[in-house]
Amino acid sequence: MLAPPALAEGLEARGEWSAYEKGHGQLPPMGWNSWNAFYSDVDEEKVLASAQIIVDSGLASRGYRYINIDDGWWLKRSQPDGRMIIRTATFPSAAGKSGRTSFRPLTDRLHAMGLKAGIYSDIGRNSCGQTFGHGGKNNPAGTLEEREVGLFGHIDQDIALYFDEWGFDFIKVDGCGIRGMGADNPNVASGIYRTFEPLIDFNSIARTDVRAVQALYQHVADALERSNPDGDFVFSICLWGSADVRSWAHDVGNLSRTSEDIGPQWGRMLHNLDSAARRALYAQPGSWNDPDMLFVGTGDFDAHHLVEARSHFSLWAILNAPLIIGYDLREATPDLLAILGNEQIIALNQDAAGNQAVLAFDTDDLQIYVKTLADGGKAVAIFNRTAAPLNATLDAAHLKFVDKAPVQLTDLWSGESLSFSGEQPLALAPHETRVFRASGTRQLPGGLYLSEMPGSVNVAEDGIVHPEPDPSIHRTIISWQGTHGAGEPPRYAGWGGARADRAPYGQHLQIAGRPFSNGIGVLANSRLEVRNKNFRRFSAMVGIDDSSADTAQRVRFELYGDGELVAQTSWIGFGQQAQTLSADVEGRSIVELVSRTADPTERPVPVTWGDAALLQ
Ligand code: GLA
């Protein structure tokens, strides 16, 4: 056995899968939420009507299960016991004896319908509606203390109430109360709410207390575990990509919002899509990227825009986003229900392998997303982002299939089949996404590139020292700000994170002039955990990526099987040829890929695990 090298922080091989596996998040949750349909004007009748349509229309049998109440349900926190009181004017079945309201009658009804029930809170003292206005409908009432309906200071009490006593199965926890309740909030200045010195500065990671934010959400996760010994819960973290949540949500919860709120506008959909699209390695069964709820049915995605509605739905499905309908289903047309109920598209989202689609082709105009399915087949979405018709070419190579053998495609919207070798021209209407299941002859028979199995890769450490906002995300007009101010800057720390088939800053993978169309690009001083089911060997060609701006550093690559060092390279400098790193990993259920810089104080360079694969 090789002697393990000196250990740097976070790079120590553990021989275990460390990403979150608690709760019911093995597949992306599906359901309905009141917010996009009704904002805070939510009531029991609307919730139950939607639930009934979900059942009657057959959507429930296709997987839509969670019926989630968002902001607007609360009346106040009673004093001095701190028990939350439901707004019974809008949720009459919650009225109980002596003012002790309960959602149990409502959750019982939902459960009796075969559904699950979700509730909403905030990690601060106050809600988003209180923090940012949101029209003011159904804001909490009473004294200053009574209006403090958020979890802060009450995490254990509230989680026990919501899950043990009221019987909920899902909670979305927003972060407005720790973001916008500083002394400059007009409602704080006028004494309506207490000051909460913000833990999050949305525009500055350096002014955000990332560890304090994480600790609060971890407290919720711990309480959820205590209140749900059967593990029947979903924990949805709603921090809109702030507080470097990308780097820690996969340790704490099942879902993590990657951006600010979606809107029923095309540009806004692009923004939210982009916030998750290049983060395939940060999603795996148990913890998913959440680009926000669906807006299928409204605005640019309404019954007059079915092409756009299909695109939005297809993209969310192939990215393994939660499929949470945000639409007043009482208004739904058969066309819209058919989109939400497309079993073939839903099956992509719910595929057991849990691989978020990877970008095989990426431009501002056209994108090709490829998802590897549990049966070894592929799904591909070819997406025209523009408002003009566009001719695309799908290559067998995009699918990691060989050129010479035939490729079979089945269109999951039209049912049409076609076959090609080498390349297939495809005409796309404005805003259209064509989605196919594809079968062909794999370039790597009997093995899988790691970039084909992102759901089995956990980026335990990604080497980022100073989180930076992501400049690759479509920036649009924020509907609630209009064109006031200076427009939207790059947001959401995560730029430079680990990528499938790309270097961390978006370049093509390349070592000393040699390109790799398959592989993992990541910064050095990183550690990736890979689940190995039945493969015998690991193999990669490794080196410093040519996209590195620093040519002075040296990096060593190490490979571990169940925590034991099984292979390593010598120290490699910039411009040195790729070295082979391969080892027998038979029977090792966790393979770890560690790369470290010779000088740990340097800002780590991008490295490439070229053609990294598990093989028979
Ligand atoms: C935030 C969230 C939304 C919604 C509202 C409710 O903006 O991001 O999804 O929950 O709060 O006020």
Side-chain angles (χ1 to χ4, degrees), residues 29 31-43 46-47 66-75 87 90 118-140 147-152 162 168 170-181 185 187 193 196 198 200 202 213 217 220 234-243 245 249 253-265 268-269 271-273 275-276 288-296 298-299 316 321-328 478-481 488 491-492:
W32 178 91
N33 174 296
S34 53
W35 181 254
N36 288 355
F38 304 114
Y39 297 102
S40 55
D41 192 11
V42 57
D43 62 40
K46 290 170 178 162
V47 172
Y66 288 93
I67 304 296
N68 298 343
I69 304 168
D70 209 277
D71 201 350
W73 63 264
W74 27 38
L75 181 66
R87 184 177 290 272
T90 45
I119 193 159
Y120 168 86
S121 193
D122 195 283
I123 199 74
R125 290 194 192 99
N126 295 101
S127 69
C128 288
Q130 292 173 318
T131 308
F132 296 117
H134 283 172
K137 191 99 184 168
N138 292 332
N139 265 343
R147 280 184 274 112
E148 292 184 342
V149 295
L151 294 174
F152 192 80
Y162 301 164
F168 282 102
F170 182 117
I171 188 165
K172 168 177 167 186
V173 180
D174 233 316
C176 295
I178 59 169
R179 166 181 172 186
M181 284 305 208
N185 181 314
N187 288 330
Y193 304 121
F196 192 115
I200 295 174
F202 203 66
V213 177
Y217 278 83
V220 177
V234 174
F235 181 22
S236 162
I237 299 170
C238 183
L239 284 170
W240 337 275
S242 74
V245 67
N254 301 116
L255 299 176
S256 175
R257 279 275 299 276
T258 49
S259 62
E260 278 271 41
D261 293 7
I262 193 169
Q265 304 87 19
R268 197 69 208 160
M269 188 278 286
H271 176 90
N272 285 51
L273 168 74
S275 70
W288 308 102
N289 289 316
D290 176 3
D292 205 0
M293 299 168 288
L294 296 165
F295 247 122
V296 170
T298 309
W316 260 236
L323 297 180
I324 307 288
I325 299 168
Y327 179 45
D328 182 354
I478 300 181
S479 54
W480 54 94
Q481 279 175 4
E488 195 169 3
R491 296 194 193 274
Y492 318 130

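The structure displayed is predicted, hence computed values, not measured ones. For ligands, and for the atoms within them, numbers begin at 1 and follow the listed sequence.
Against a heavy-atom cut-off of under 4.0 Å, Cys128 is close to the following atoms of ligand 1: 1 (C), 11 (O), 12 (O). Here is the list of ligand 1 atoms found below 4.0 Å of a heavy atom in Arg257: 8 (O), 9 (O).
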#### Entry: side-chain hydrogen bond (donor to acceptor under 3.5 Å, both in side chains) assessment of Ser40 paired with Asp71
CA-CA 5 Å; Ser40 55; Asp71 201 350; over 6 Å; no
### Message
The test is side-chain hydrogen bond (donor to acceptor under 3.5 Å, both in side chains); show your working for Asp174 and Tyr120 and say whether it passes.
### Response
CA-CA 8 Å; Asp174 233 316; Tyr120 168 86; 2.6 Å; yes
### Criterion ring pair (Phe, Tyr, Trp, His ring centres under 6.0 Å) on Phe132 and Trp240, from CA distance to verdict
CA-CA 15 Å; Phe132 296 117; Trp240 337 275; 7.5 Å; no
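When heavy-atom distances to ligand 1 are checked against a 4.0 Å cut-off, Trp240 comes that close only through its side chain, counted from C-beta outward. Of the heavy atoms in Cys238, only side-chain atoms (C-beta onward) come closer than 4.0 Å to ligand 1.
Looking only at side-chain heavy atoms (C-beta outward), Leu255 and Pro29 come within less than 4.5 Å of each other.
Every heavy atom of Glu260 sits 4.0 Å or more from the atoms of ligand 1. At least one heavy atom of Tyr120 sits under 4.0 Å from some atom of ligand 1.
Distances between N or O atoms of Asp292 and those of ligand 1 include no value under 3.5 Å. For a threshold of 3.5 Å applied to N or O pairs, the pair formed by Lys172 and ligand 1 contains at least one separation below that value.
In this structure, Lys46 pairs ionically with Asp41, as a charged nitrogen and a carboxylate oxygen lie closer than 4.0 Å.
The side chain to side chain donor-acceptor pair (under 3.5 Å) test with Lys172 is passed by exactly one of Asp122, Asp290, Asp70: Asp70.
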